[in-house]
Amino acid sequence: MSAPFHYATALDSSLKTAAATAGFDLALFAPEVRVAAAQHGDFQANGVLAYAKQTKQNPRAAAQTLVAALPAELTALADVAIAGPGFLNFTLKPAALEAWLAAYATPSALAAAAASASPIAGQTWVVDYSSPNTAKQMHVGHLRSAVIGEAVARIAAFAGARVIRDNHIGDWGTSFGKIIWAYKQALATDRAALEAALDATPLEEFERLYKVGNTAADADPAVLEASRAELVKLQSGDAENTAIWRRIGEVSVSAFQKIYDLFGIRFDHTLGESFYNDKVGRVYDEIQACGVAEESQGALVVFHDEHPRFSRHAERPNPFIVRKADGAANYASTDLATILYRAEHFAADASLYVVDKRQGDHFEQLFLTAQKWFEKTGRKLIRLEHLGFGTVLGEDGRPLKTRSGENIKLKDLLQEATDRARRLVDEKSGELPEAERAAIAEIVGIGSVQYADLAQNRSSDYTFSWDKMISLEGNTAAYLLYAVARLHSIFRKLEARPGDANTEAAATALETATELALARKLVQFADAQSQAVATLRPHVLCLYLYELAGVFSAFYGADKVGVDDAGVRARRLRLCARTLLVLETGLQLLGLRTLNRM
RNA sequence: GUGCUCGUAGCUCAGUUGGAUAGAGCAGCCGCCUUCUAAGCGGCCGGUCGUGGGUUCGACUCCCGCCGAGCACGCCA
């Protein structure tokens, strides 16, 4: 017996077949199959209610007609019941659950199934995330974009998209004039000290130089003027200034990568704002020529009169400024050039921006402008989506800062997470060797930071709490990693191997309530995965994995795997193998590393 | 002022895009380790879903009013 990856989709199409047989008006009937609350079975279909209403029938009678017409392949798969006013409830038969377990037994089988059933398979998606500024260390404000962006990229790739990860770093702007000015001052004053500092902690030193330059420019107009001159030299290609600027970029990117390594992030491209310097001219020309942009107060702007808040008639007009009055580019200019580049050069079908939701207005105007621009120039617009996320708040409900009011460095935050995890590992697993405890602490600590961020709906503000995050209970990384470690432990103790062919063949039919509950939850992976793709919200996957780990833990407590009966042992080992597969696959989609012991 | 987002248990959050008796975790209380990892499991307690109307077989979900919060609004990104 083969098994569909998405039972919900299979039920949906069977219901449509039945509806045709029963003489339903197919234009009015949509089955609306979804995962049901456990007490109602595995799936429910609510579409009969809406259909009966439109056609003025008794819903229960319509449901009965439909059920009578169900094809044999569906009734072989699941028990069907009509409930309440006309809900259809489906409970998969144990054989159907077992068929799914048999069919999706390896990482490659799971991935192939997810991709083949996916609406985005074969599409090219650019995911634009992290995007820090060079010459500054990443701080807590950069956490969510990196973590959520990586999870979204992995979820899209698993669903069969060709994913291009692009780090759109902020490597251009007025700040570089000030840094270069301060750099040259330091060079003239004490060259040896400057080089020593740049050798030891290069990014920190450039960040310090920026502050020096910025403070000096604020205090002294002559410095401000000198900084501007350095900026002009940089922009006109002066060799010395360009070399300094390049070095800033290099040390920044290599410092960023140390943090990305902890999160498992590797970008395909790091095309920052500077990359689009020579590409904005074409944008200006085109959007003026096609009448999308206009001059206003010396700047090149776009109004969207059909939207009250972007209209020229608004009380406080808020145009999309594409070129500043002084002729310089801003982020609107480079963002437009970036869309064109991704459409042309990458042949992208979609471009996703994982950026703070406070920039929602900017992206709305950007997308509206791109839409009009592409339409007037006869191009096909790609899918553009702003995946906005909320602010990281402290437990006082205000944006998270250090006690002295500074931004918390991401490096420090991750170190503290690892240190806190280490204390727990020492307490709980003191018998493990030192090196392994250190490795566990890093995976649990970093994973907790990632998971705490991902587990909540990304668009809400996120209240950061050390205690809840590192906590071992509830919907946390540690709970999931613990379930994985226990699964590995079972295989170690029983000297078994996940997916072993003899064990799979010896498995007898599922019997106990906890076995069946675990099998049911495993089958729902398909629904969680596809919903995560459809909504681009990793928390739906987190929630599913948490529930799976919970059902597994209940199974673990109720049904012992290492029993004498070979058939029982084999079927429980198979359940464990599949649980391990789905948990590890899911955690990997979120960007977390897993453990064999903890 | 204009607009966007939000308000669910003491706390932190879900709620499958209008479905069934609104769900978890934490905190509190009660149980469970001579058996595969107790970083675990089982149970109890806890809600007029901010508020008042409306739409309909059905509303936490959609519409309107009010109260409260956060955010964004011309040349930073």
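Numbers restart at 1 for each chain; the letters A, B, ... are given by sequence-line order, proteins then strands.
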Rounded to whole Å, how long is the line connecting atom [atom1] of [X] with atom [atom2] of [N]?
X      : N     : atom1 : atom2 : answer
A:L543 : B:U12 : CG    : P     : 19 Å
A:F555 : B:G42 : CZ    : C1'   : 17 Å
A:L487 : B:A39 : CG    : P     : 16 Å
A:D559 : B:C41 : CG    : P     : 15 Å
A:Q531 : B:A14 : CD    : P     : 14 Å
A:R423 : B:A39 : CZ    : P     : 19 Å
A:Y479 : B:G40 : OH    : C1'   : 8 Å
A:R398 : B:C71 : CZ    : C1'   : 15 Å

Comparing nearest nucleotides in RNA chain B, the 5'-proximal residue of the pair A:K560, A:P308 is A:P308

For [N] versus [M], give the span between their [atom1] atoms, rounded off to a whole number of Å.
N     : M     : atom1 : value
B:C49 : B:A20 : P     : 15 Å
B:G47 : B:A14 : C1'   : 15 Å
B:U51 : B:C67 : C1'   : 7 Å
B:G25 : B:U17 : P     : 24 Å
B:G50 : B:A9  : C1'   : 15 Å
B:U16 : B:U35 : P     : 43 Å
B:A24 : B:C45 : C1'   : 15 Å
B:U61 : B:U8  : C1'   : 12 Å

Could you tell me whether [X] contacts a base, only the sugar-phosphate backbone, or nothing, with contacts defined as non-hydrogen atoms closer than 4.0 Å?
X      : result
A:D171 : nothing
A:S460 : sugar-phosphate
A:A314 : nothing
A:N58  : nothing
A:K493 : sugar-phosphate
A:D461 : sugar-phosphate

What form does the base of B:C44 take, syn (within 90° of 0) or anti?
anti

Base of B:U17 relative to its sugar, syn (within 90° of 0) or anti?
syn

Does atom CD of A:E495 have more than 12 heavy-atom neighbours, drawn from other residues, nucleotides or ligands, at distances under 6.0 Å?
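No - once you tally the heavy atoms of other residues, nucleotides and ligands closer than 6.0 Å, there are 12 at most.
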
Residues, nucleotides or ligands: over 12 heavy atoms within 6.0 Å of A:K521 NZ:
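It does: A:K521 NZ has more than 12 such atoms within range.
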
Looking at CG of A:D171 and OG1 of A:T270, how far apart are the two atoms once the value is rounded to the nearest 0.5 Å?
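Output value for this atom pair is 9.5 Å.
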
Separation of A:L573 CG from A:L487 CG (nearest 0.5 Å)
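If we round to the nearest 0.5 Å, A:L487:CG and A:L573:CG are 10.5 Å apart.
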
Its contact letters, B for base, S for sugar-phosphate only and - for none at protein heavy atoms under 4.0 Å, make nucleotides 72-77 of chain B read SBBBSB

Heavy-atom protein contacts under 4.0 Å, nucleotides 18-27 of chain B, coded B base, S sugar-phosphate only, - none:
-BB---SSS-

Writing each nucleotide of RNA chain B 5' to 3' as (, ), [, ], | or . by Watson-Crick or G-U pairing under 3.5 Å yields (((((((..((((.....[...)))).(((((.......))))).....(((((..]....))))))))))))....

Atom pairs and distances, side-chain donor-acceptor, residues 555-564 of chain A, under 3.5 Å, sequence neighbours left out:
| from | atom 1 | to | atom 2 | distance (Å) |
| --- | --- | --- | --- | --- |
| A:D559 | OD2 | A:T512 | OG1 | 2.6 |
| A:D559 | OD2 | A:T514 | OG1 | 2.7 |

In terms of the angle between their ring planes, are [X] and [Y] parallel, tilted or perpendicular, with boundaries placed at 30° and 60°?
X      : Y      : answer
A:Y7   : A:F43  : tilted
A:H307 : A:F310 : tilted
A:Y544 : A:F525 : tilted
A:Y341 : A:F275 : perpendicular

Donor-acceptor check, side chain of [X] to backbone of [Y], threshold 3.5 angstrom: yes or no?
X      : Y      : value
A:T391 : A:D461 : no
A:R60  : A:G84  : yes
A:N475 : A:Y546 : no

Check ion pair A:R358-A:D356 (N to O, under 4.0 angstrom)
yes

Would you please name every residue forming a ring pair (Phe, Tyr, Trp, His ring centres under 6.0 Å) with A:F320, sequence neighbours left out?
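Counting only residues at least two positions away or on another chain, A:F320 forms a ring pair (Phe, Tyr, Trp, His ring centres under 6.0 Å) with A:H362.
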
Any side-chain N or O of [X] below 4.0 angstrom from OP1/OP2 of [N]?
X      : N     : result
A:T463 : B:U12 : no
A:T535 : B:U17 : no
A:H313 : B:U2  : no

Member of A:R422, A:R420, A:R593 meeting the salt bridge (Lys or Arg N to Asp or Glu O under 4.0 Å) criterion with A:E442
A:R593

Verdict with supporting geometry, A:F367 and A:F363, ring-ring contact (aromatic ring centres under 6.0 Å, His included):
CA-CA 6 Å; A:F367 298 164; A:F363 283 105; 5.8 Å; yes

Stretch residues 565-580 of chain A: residues that reach within less than 4.0 Å of RNA chain B through a heavy atom
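Of all residues in residues 565-580 of chain A, none places a heavy atom under 4.0 Å from RNA chain B.
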
